[in-house]
Amino acid sequence: MPIYEFECSQCGHRFDRLQKLSDADPVDCPECGAPRVRRRVSAPSFRLAGGGWYETDFKKDGDRKRNLAGDGGAAPAPAPAPAPAAAPAPPVRATDGAS
């Protein structure tokens, strides 16, 4: 069931109410009793975050799982740098055998 936010236009009192979509909205203000309550448009008060929300939760086992909520702000580890190339060997001098 959704949570709705209401406001009295008489006294300005705001309150929340858990109700079904088919339930009628309240008419009387619980604070002042005036019949001037109206539903407010507000953002939902929950967020799907944290470990455990993966886009591949219902896919086959071979697929790679990615966490949709992120990893808590940590940046992914960078790939290791390639090893530096070996220095070329010094040229070999030909000798005639006499020293």
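Note that the coordinates shown come from a computational prediction; the quantities given were computed from them, not determined experimentally. This chain uses plain numbering: 1 for the first residue, then up along the sequence.
Residues satisfying the salt bridge (charged side-chain N to carboxylate O under 4.0 Å, His left out) criterion with Arg14, sequence neighbours excluded, are Glu7. Residues forming a side-chain contact (heavy atoms from CB on, under 4.5 Å) with Asp28 (at least two apart in sequence, or on another chain): Pro35. By the salt bridge (charged side-chain N to carboxylate O under 4.0 Å, His left out) test, Arg17 is found to be paired with no residue, residues two or more places apart in sequence or in another chain being considered. Not a single ring-ring contact (aromatic ring centres under 6.0 Å, His included) links Tyr4 to another residue, sequence neighbours left out. With sequence neighbours left out, the salt bridge (charged side-chain N to carboxylate O under 4.0 Å, His left out) criterion links Glu5 to Arg40.
Nearest heavy-atom pair, Cys8 versus Cys11, reported as atom, atom and distance to 0.1 Å: SG-N, 3.5 Å.
Proximity of Cys29 to Gln10: side-chain heavy atoms (C-beta onward) are nowhere separated by under 4.5 Å.
Every pair tested for ring-ring contact (aromatic ring centres under 6.0 Å, His included) that includes a residue from residues 18-37 fails, sequence neighbours excluded, so the list is empty.
With values rounded to the nearest 0.5 angstrom, His13 atom NE2 is found 11.5 Å from Phe6 atom CZ. Between Arg38 atom CZ and Asp25 atom CG the span is 12.0 Å, to the nearest 0.5 Å.
Residue Leu18 is not grouped with residue Val27 when hydrophobic side chains (ILVMFWY) are merged at heavy-atom distances under 4.5 angstrom, including chains of intermediate members.
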